There are 2 protein chains.
Amino acid sequence: MARLQRQIVETMTQSRGLKMTPQRRAIIDYLQSAHDHPTADEVLQMVNRKFPMTSRATVYNTLNWLKQEGMVKEVFEAGCVRYDPNTEHHHHFVCRKCGKVEDVERNVIGKVKICSLPESQKVEVFEVTLRGLCANCQKKR
Amino acid sequence: MARLQRQIVETMTQSRGLKMTPQRRAIIDYLQSAHDHPTADEVLQMVNRKFPMTSRATVYNTLNWLKQEGMVKEVFEAGCVRYDPNTEHHHHFVCRKCGKVEDVERNVIGKVKICSLPESQKVEVFEVTLRGLCANCQKKR
DNA sequence: ATCTCAGTTTAGATTTAGTCTAAGCGCCGA
DNA sequence: TCGGCGCTTAGACTAAATCTAAACTGAGAT
Ligand SMILES: [Mn+2]
Ligand SMILES: [Mn+2]
Ligand SMILES: [Zn+2]
Ligand SMILES: [Zn+2]
């Protein structure tokens, strides 16, 4: 499944006994057409242009529902900032269950080759985030 | 520079005409000993155990100052959540100046080899974040 | 046509992370 | 002893996100 499509969502709602309302339609249409990474507030602004008086709660409800269904993803972590006393260039492993962030030393990740990136973007650094289950969360099955 | 060390900070403060106070010492000592990625609130809690009545403002001031000096780094992005209608497995380029997040298709990043990761951690997915200057911000020099 | 009810939307209250402010403190040097 | 500068503090403030309770909607059931 590549991109959010209203039609897919439309049929999905029915099979779950949910309703496709005008507000939801507007939110999904906007996301479908967006080729960047909008914030909840940007969604609210844009949807209100076409369908005034849509509430913040509805936008968040819909985004969270779409997220649960895997129709949109969050970019990067939600939540508050974490500080890293290790300023060496290194990477991270994030547990999808308990959220713990562990260091992954630089040499654990082999060379990362970047091919065919548009000339226009100048990459200065990169970081790799591994995701999965940490040792603890695996034990607890 | 690998890890935050109080001694280095201590000499640095002097050369900048700044003062090493007990509060700052406590914050830095805690960070120095931390082998995870504490939040500002965790720092506040821990510091208050040893040095009660340290204020939130002082913790944030110190963390932001250490960040500016490159003595700690933020893990992942600050700020609010962005939603991605593209659920295909792909990567991102983040402009360090304007903060814009652009897609980097999966095939742009060559195979990423993960060597010698502790057996205990099970990696399910990974993502690469490239950082630098976007086309626009380069033009504006 | 009217009733009912589950699901939805809404405005506004609440929570949480983080910043800002203004008043007071403490050290150092004149 | 005094003045001043930088530091700390409590609390006000802001912004992102969640929660709540009341009103709304529309698809059956009567
Ligand atoms: Mn780290
Ligand atoms: Mn993306
Ligand atoms: Zn875990
Ligand atoms: Zn830019």
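What you are looking at is a predicted structure, and each value in this text was computed from that prediction instead of being measured. Only this structure's heavy atoms are used, side chains among them; waters, hydrogens and symmetry mates stay out. Per chain, numbering begins at 1; letters A, B, ... match sequence-line order.
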Just the rounded figure in Å: distance from [atom2] of [N] to [atom1] of [X].
X	N	atom1	atom2	value
K19(A)	dT9(C)	NZ	C1'	12 Å
I27(A)	dT8(C)	CD1	C1'	12 Å
F76(B)	dA17(C)	CZ	P	18 Å
N61(B)	dC7(D)	CG	P	9 Å
I28(A)	dT8(C)	CD1	P	12 Å
L44(B)	dT9(D)	CG	C1'	12 Å
R25(A)	dT25(D)	CZ	C1'	14 Å
E77(A)	dA17(C)	CD	C1'	16 Å

Requested in this report: Classify the nucleic acid contact of T58(B) as base, sugar-phosphate or nothing, counting any heavy atom under 4.0 Å across all strands shown.
Outcome: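 Base: the residue T58(B), judged by heavy atoms under 4.0 Å, touches a nucleobase.
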Report task. Check every atom of dA10(D), dT9(C), dC7(D) against the side chain of T21(B) and return the nucleotide holding the closest atom. Result ->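 Of the candidates, dC7(D) comes closest.
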Report task. Report the nucleotide, chosen from dC7(D), dT9(C), dT9(D), that has the shortest atom-to-atom distance to any side-chain atom of S55(B). Result ->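 Nearest listed nucleotide: dT9(D).
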**Report entry** Close side-chain approach of F93(B) to T129(B), heavy-atom, < 4.5 Å
**Finding:**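 No, their side chains stay 4.5 Å or more apart.
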Report task. Would you please indicate yes or no on a ring centroid separation below 6.0 angstrom for H89(A) and F126(A)? Result ->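 Yes, close enough.
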Query raised in the report: With H90(A), which residues qualify under ring-ring contact (aromatic ring centres under 6.0 Å, His included), at least two apart?
Result: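 By the ring-ring contact (aromatic ring centres under 6.0 Å, His included) rule, H90(A) matches H92(A).
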Requested in this report: Using a strict 4.0 Å threshold on nitrogen-to-oxygen distance, state whether E124(B) and R96(A) make a salt bridge.
Outcome: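 Judged by the 4.0 Å cut-off on N to carboxylate O distance, E124(B) and R96(A) do form a salt bridge.
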Requested in this report: For the pair K67(B) and E74(B), evaluate side-chain contact (heavy atoms from CB on, under 4.5 Å) and give the outcome as yes or no after the intermediate values.
Outcome: CA-CA 8 Å; K67(B) 189 172 69 183; E74(B) 292 185 350; 2.7 Å; yes
Requested in this report: Let me have a per-nucleotide readout for nucleotides 13-21 of chain D, 5' to 3', with B, S or -, counting only protein heavy atoms under 4.0 Å.
Outcome: ---SBBB--
Query raised in the report: Regarding H37(B) and D103(A), is there a side-chain donor-to-acceptor distance under 3.5 Å anywhere?
Result: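 There is such a pair (donor and acceptor under 3.5 Å, judged by atom type) between the side chains of H37(B) and D103(A).
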Query raised in the report: Nearest heavy-atom pair of E77(B) and R131(B): which atoms, and what distance?
Result: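 In terms of heavy atoms, the two residues are closest at OE2-NH2, 2.6 Å.
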